[in-house]
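Remarks on the structure that follows.
What you see is a predicted model; the values in this text were computed from it and never measured. For this chain, numbers begin at 1 and follow the sequence in order.
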Amino acid sequence: LKTTVFWRETEPVTPGPPLRGDVSCDVCIVGGGYTGLWTAYLLKQAQPTLDIHVLEAEYAGAGASGHNDGFVTPTIGHGLHGCVHQFGPRRAADAYAAVGRSIMEISRFCTKNNVHAELERTDLLLVATSPGQERRLRDDLSIAASLGGRNLPRILRDAEAREVIGSAAIRAALPGGGALVNPHKLARGLARVVVEHHAVIHERTRVHGIERLGGRYRVRTGQGMVQAGTVVIATNAYQHVFRPFKPRLLPVWSYAVVTEPLTSRQLGRVHWPNREGFIEGRNFIRFGRLTADNRVLFGGGRAAYRYGRNMHQRFIRDRRVEASLISAFHGYFPEWKDVPISHSYGGCIAITRDLVPHAGRLPDGTYYAYGYCGNGIAMSHTAGKILRDLILQRDSEYTRLPLVNRREGRFLPEPLSWLAAQTATAVLATQDRYPRALPWRFI
Ligand SMILES: Cc1cc2nc3c(=O)[nH]c(=O)nc-3n(C[C@H](O)[C@H](O)[C@H](O)COP(=O)(O)OP(=O)(O)OC[C@H]3O[C@@H](n4cnc5c(N)ncnc54)[C@H](O)[C@@H]3O)c2cc1C
């Protein structure tokens, strides 16, 4: 069993040279994931003369962007329910419309720029395996209706649902928008296009500090320094290493297992004609999808916060979560019990107190976007537009979105954060297990 990220095997990477010496530029972006790269790309599209440098600790896509499960969800933060709770229905609808546009634009971007990211424009399905989960689907549908959603899908039940995915475990399914992608190829392709637009990406270049001097910033790295008029911090789950963000997010581990490629005979055992990714509606979601080479990726389950915001690679495998994922995968698809699991790994998502992302400008003038709560592929594209318009001082529909410059809740210092996270995890997991015992919706 490999404890390395499956997607990285699909396209090898040789990281580029680090920054050596000092440079001066208009915009310095810290972090070469989707947020940093979309921001660089969209800024270059809007103002090609801007001199932009991206500083990336490892290589473009080395973080969650090259490593996620590839569900291009139209979701903001943890989910629709929480987003409406935080923003109210009208403003939540604006935000959802923006992210929906991002999904279409990512698809167009890939076609236009020959980014072969294995994008499959299938719907994503929210599925239920119990009456409690089915209530959640109905709840989500009625929230979507209250946002003024038109042409809403209907819930498919029993045999109808199994016409879409032939799993006996699925008792209901709700088609939603979205797509599947190879996240690593998307990140690498996007990085290539950013460079073609004459932005500079310095890989193997970790930022150690940012200082403000007069009207400009000095961004310190191991072997050089960038002086810039504008700085963007786009490091998502790593954002807490920059002091102003420390209390604002927790990095939380999320896991997946991946099988060996299915043979065509194995694939034929389960009816899954349109290959939609599916997401089981619980607090700790579980999800499954096929990859381009017909592996099954199955992930989710109990997410884990490690004391002191620990993101060390030794946590890349969690045997307890792995066992529960394999058991859930076999519960969905007993026909594939004989298919070997080839990979088991995890990575960190960025959780905020209010379970929605945040973008904006700090009082010292630094720009930021982070906190996608595990739904960042499409959202980071929208965040790129927000950052573009804030930096160019445009008043736009993006800068008016409710997640911009919003007051944020703070997490408590350790050990209180850890204790609170353990308590919340236990309550949410109990509710997933015994939905009748705790009938309220927490998240
Ligand atoms: C396991 C997992 C599964 C996920 N699944 C999905 C999914 O299916 N669908 C979905 O929509 N979202 C998913 N997400 C979330 C999504 O991947 C992220 O929200 C998104 O990639 C965030 O992009 P980013 O650019 O903000 O951050 P990242 O991609 O993490 O990029 C930040 C970059 O900053 C760099 N960096 C960090 N510190 C420094 C420093 N000091 N100096 C310089 N560079 C630095 C890192 O190396 C990294 O490359 C998942 C995340 C994880 C971890």
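Using cut-offs of 30° and 60° for the angle between ring planes, the H53 and H202 rings count as parallel. Using cut-offs of 30° and 60° on the angle between ring planes, the pair Y59 and H184 is perpendicular. Taking the six-membered ring where tryptophan is involved, the planes of W272 and F278 are tilted, since the angle between them lies from 30° to 60°. Ring geometry for Y368 versus Y370: interplanar angle of 30 to 60°, hence tilted. Taking the six-membered ring where the residue is Trp, Y345 and H343 present perpendicular rings, their angle passing 60° and hence far from 30°.
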Quiz item: Given T35 and Y372, is the side-chain hydrogen bond (donor to acceptor under 3.5 Å, both in side chains) satisfied, shown in steps?
Solution: CA-CA 10 Å; T35 305; Y372 307 117; 2.8 Å; yes
Practice problem: Decide side-chain hydrogen bond (donor to acceptor under 3.5 Å, both in side chains) for E322 and S344; before the verdict, give the C-alpha distance in whole Å, the side-chain angles of both, and the deciding distance to 0.1 Å. | Solution: CA-CA 7 Å; E322 176 186 296; S344 170; 2.6 Å; yes
Practice problem: Take Y34 and N68, measure what side-chain hydrogen bond (donor to acceptor under 3.5 Å, both in side chains) needs, and give me the verdict at the end. | Solution: CA-CA 11 Å; Y34 301 141; N68 62 66; 3.3 Å; yes
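At least one side-chain heavy atom of D94 sits less than 4.5 Å from a side-chain heavy atom of R90. At least one side-chain heavy atom of H81 sits under 4.5 Å from a side-chain heavy atom of D139.
Using a cutoff of 4.0 Å between basic side-chain nitrogens and carboxylate oxygens, E58 and R204 are not scored as salt-bridged.
Legend: residues meeting salt bridge (charged side-chain N to carboxylate O under 4.0 Å, His left out) with E414, ordered by chain and number and at least two apart, are absent.
Side-chain atoms of T430 come within 3.5 Å of backbone atoms of A426 as a donor-acceptor pair (strictly under, hydrogens ignored). Side-chain N or O atoms of R136 include none that pairs as donor or acceptor with a backbone N or O of G132 at under 3.5 Å. A donor-acceptor pair under 3.5 Å links the side-chain atoms of R410 to the main chain of E408, judged by distance alone.
When every heavy atom of W7 is checked against every heavy atom of V181, the shortest pair comes out as CH2-O, 4.1 Å. Between A378 and I103 the shortest heavy-atom distance is CB-CG1, 3.7 Å. Contact detail for L124 and A179: the closest heavy-atom pair is CD2-O, 3.7 Å. The minimum heavy-atom distance linking K185 with T10 is given by the pair CE-O, 3.5 Å.
Atom CZ of R400 has more than 12 neighbouring heavy atoms from other residues, nucleotides or ligands inside a 6.0 Å radius. Heavy-atom neighbours of Q45 CD from other residues, nucleotides or ligands within 6.0 Å: above the threshold of 12. The environment of H85 atom NE2 is sparse: at most 12 non-hydrogen atoms of other residues, nucleotides or ligands sit within 6.0 angstrom.
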